[in-house]
Amino acid sequence: MTDILAVIKARDPEQREFHQAVQEVIESVRPVLDRNPEYRRMAVLERITEPERVILFRVPWMDDQGQVRVNRGFRIEMNSAIGPYKGGLRFHPSVNLSILKFLAFEQVFKNALTTLAMGGGKGGSDFDPKGKSDNEVMRFCQSFMCELARHIGPDTDVPAGDIGVGAREIGYLFGMYKKLRNEFTGVLTGKSLGWGGSLIRPEATGYGSVYFASEMLGVKNDTLAGKTCLVSGSGNVAQFTVGKLIQMGAKPVTLSDSSGYIYDEAGINSEKLDFIKKLKNLRRGRIKEYADKYPGTVYTPVNPSSDCNPLWNHKADCAFPSATQNEINEKDAQNLVGNGVKVVCEGANMPSTPDAVNIFLERKILYAPGKASNAGGVAVSGLEMAQNSMRLSWPKEEVDNRLKFIMKSIHKTCLDAAAEYGTPGNYMAGANIAGFLKVVNAMLDQGLV
Ligand code: NDP
């Protein structure tokens with residue numbers, strides 16, 4: 001077999017995050033290719049790792065001082081074998097082709113696992129909404145959509161939020177799309193409730209991740225009740241992860257942002273979580289303020305020269321990395337396992353480095369890869385698309401029950417695929433294999449396109 005990874009690396013040597021995501025999948029699906037020689041002849045790996053389309057564009061906008069600024073906009077339309085491209089938009093200064101290609105690639109597998117008809121895509125910009133006024137964010141979103149609108153549509157490509165893109169940004173993006181196209185369609189998900197959003201969509205990724213952890217513990221006849229949990233991030237995913245953990249009787253003790261993290265040994269309760277939501281979503285403040293407000297909490301600023309993240313070095317039972325990629329390295333993984341953590345359930349995309357994942361697998365802890373455990377967000381986005389098409393909205397309980405059912409089914413799919421291909425209990429292998437099979441079989445049915 002040609003060394004596909006070597007070819008990909010030679011072609012785009014700087015795309016390290018993309019190589020990392022591809023390498024993990026290639027290693028997992030080797031037994032599938034061995035069992036199906038046809039897949040090699042049809043070059044399915046070469047095809048699935050090459051985006052169907054990459055869109056790169058200039059985004060000019062004017063700041064509040066009248067200064068013109070220019071950012072870069074992207075949309076990666078990775079794979080449409082099982083449905084319209086679907087995946088979030090990320091606004092963060094670190095955004096580049098490598099990060100978006102890795103995210104789009106992961107999204108293809110994740111969306112396949114949800115059982116809904118969604119292909120995979122991802123997009124965004126190196127624009128940083130932090131510190132910008134609402135008007136600046138609006139002008140940026142409008143300019144971004146002026147170009148993106150040519151490429152998306154409710155049956156073509158349906159973006160959503162991600163880091164830096166929440167309800168405010170989705171509103172501005174949707175408004176501009178509607179004006180340009182003169183149509184009110186479900187072209188974006190994560191919309192506000194009053195105009196086409198789905199109940200439970202904001203909660204879905206965090207809730208889904210906790211449901212997944214609960215399923216994994218269920219296999220061991222255990223529950224989340226009484227478990228001490230480390231959570232990173234303090235955005236959408238982290239907030240609703242903490243909310244569901246509290247509901248399930250667990251004790252979340254950490255949260256973070258890119259400046260530092262808080263450790264609250266007494267546990268983050270509902271009242272403290274409300275404070276976080278106001279701090280982060282309305283005032284757009286920093287996590288440090290939590291420690292100022294709640295005595296007994298320790299705030300630790302980020303130390304860029306440290307070889308590990310101290311957030312992962314506390315006695316705990318479970319970890320829910322919910323901030324960003326590669327936030328758990330080998331040393332962090334050793335610290336987690338050494339501190340008694342038995343469950344690592346990824347809310348973020350690819351938060352653990354390959355060395356960290358190897359430690360989790362070697363030590364046989366319950367490790368859920370993001371493409372399985374954080375799929376609840378895109379699953380409810382899929383439900384939002386269905387409700388938009390029917391022009392009706394389902395009650396909260398109905399969406400939450402569907403979310404629970406989907407997470408349960410993803411959990412079973414991962415376990416079944418892992419067992420069938422000789423790696424029982426390995427959720428990472430199971431997720432990669434099950435997602436791969438669904439997508440490549442659809443690609444083969446549709447011929448060389
Ligand atoms: P938000 O923008 O709401 O929150 C992101 C949080 O992570 C913030 O606290 C942010 O801190 C922190 N963060 C971001 N980048 C870094 C960094 N480089 N270093 C340290 N901290 C960082 O995003 P979401 O909660 O929506 O997304 C979090 C993760 O979950 C991402 O990996 C995303 O891809 C993934 N995800 C999200 C889904 C969703 O439905 N929203 C669905 C599936 C996955 P600060 O405020 O300082 O930037």
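Bear in mind the structure is a predicted one, so any value in this text is a computation, not a measurement. Throughout, residue positions are numbered sequentially from 1 according to the sequence presented. Atoms within a ligand are numbered from 1 in the order they appear, just like the ligands themselves.
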Closest protein heavy atom (residue, atom, distance) for [atom]:
| atom | value |
| --- | --- |
| atom 32 (O) of ligand 1 | N349 N, 3.2 Å |
| atom 15 (N) of ligand 1 | H92 NE2, 3.6 Å |
| atom 39 (C) of ligand 1 | T205 OG1, 3.4 Å |
| atom 47 (O) of ligand 1 | S258 OG, 2.4 Å |
| atom 48 (O) of ligand 1 | K130 NZ, 3.0 Å |
| atom 41 (N) of ligand 1 | N236 OD1, 3.6 Å |
| atom 16 (C) of ligand 1 | T324 CG2, 3.7 Å |
| atom 12 (C) of ligand 1 | A323 CB, 4.0 Å |

For [X] and [Y], does a side-chain donor sit closer than 3.5 Å to a side-chain acceptor?
| X | Y | value |
| --- | --- | --- |
| K101 | Q15 | yes |
| N135 | D64 | no |
| Q20 | E24 | no |
| Q387 | S393 | no |

With heavy atoms only and a cut-off of under 4.0 Å, state how [X] meets ligand 1: side chain, backbone, both or neither.
| X | result |
| --- | --- |
| S256 | backbone |
| S322 | backbone |
| E203 | neither |
| E327 | neither |
| I163 | both |
| Q325 | neither |

Would you say [X] and ligand 1 have an N/O pair spaced under 3.5 Å apart?
| X | value |
| --- | --- |
| K122 | no |
| V237 | yes |
| A238 | no |
| S234 | yes |

Which of the numbered atoms in ligand 1 are below 4.0 angstrom from a heavy atom of [X]?
| X | answer |
| --- | --- |
| R90 | 31 (C), 32 (O), 33 (C), 34 (O) |
| G347 | 30 (O), 35 (C), 36 (N), 44 (C) |
| A348 | 29 (C), 30 (O), 32 (O), 35 (C) |
| R201 | 40 (O) |

query = For ligand 1, is there an atom lying under 4.0 Å from some heavy atom of R286?
reply = yes

Taking the non-hydrogen atoms of G164, is any one of them nearer than 4.0 angstrom to ligand 1? yes

Please state whether the rings of H411 and Y427 are parallel, tilted or perpendicular, taking 30° and 60° as the class boundaries. tilted

- [ ] Measure up the F127 and F140 rings against each other and bin them: parallel (under 30°), tilted (30 to 60°), perpendicular (over 60°).
- [x] parallel

Tell me whether [X] is salt-bridged to [Y], with the criterion being a basic N under 4.0 Å from an acidic carboxylate O.
| X | Y | result |
| --- | --- | --- |
| R69 | E136 | no |
| D292 | K288 | yes |
| D264 | K251 | no |
| D162 | R90 | yes |

Of T189, D157, N111, the one forming a side chain to side chain donor-acceptor pair (under 3.5 Å) with K86 is T189

Checklist line | Heavy-atom protein contact below 4.0 Å for atom 28 (C) of ligand 1 | finding: yes

Paired with V187, the side-chain contact (heavy atoms from CB on, under 4.5 Å) test is passed by just one of I152, L148, T156, N388, namely I152

Partner of W312 under side-chain contact (heavy atoms from CB on, under 4.5 Å), picked from K331, E327, Q334, is E327

Residues 350-361 vs side chain to side chain donor-acceptor pair (under 3.5 Å), sequence neighbours excluded, gives E346-S352

Applied to residues 319-343, the ring-ring contact (aromatic ring centres under 6.0 Å, His included) test, sequence neighbours excluded, yields none

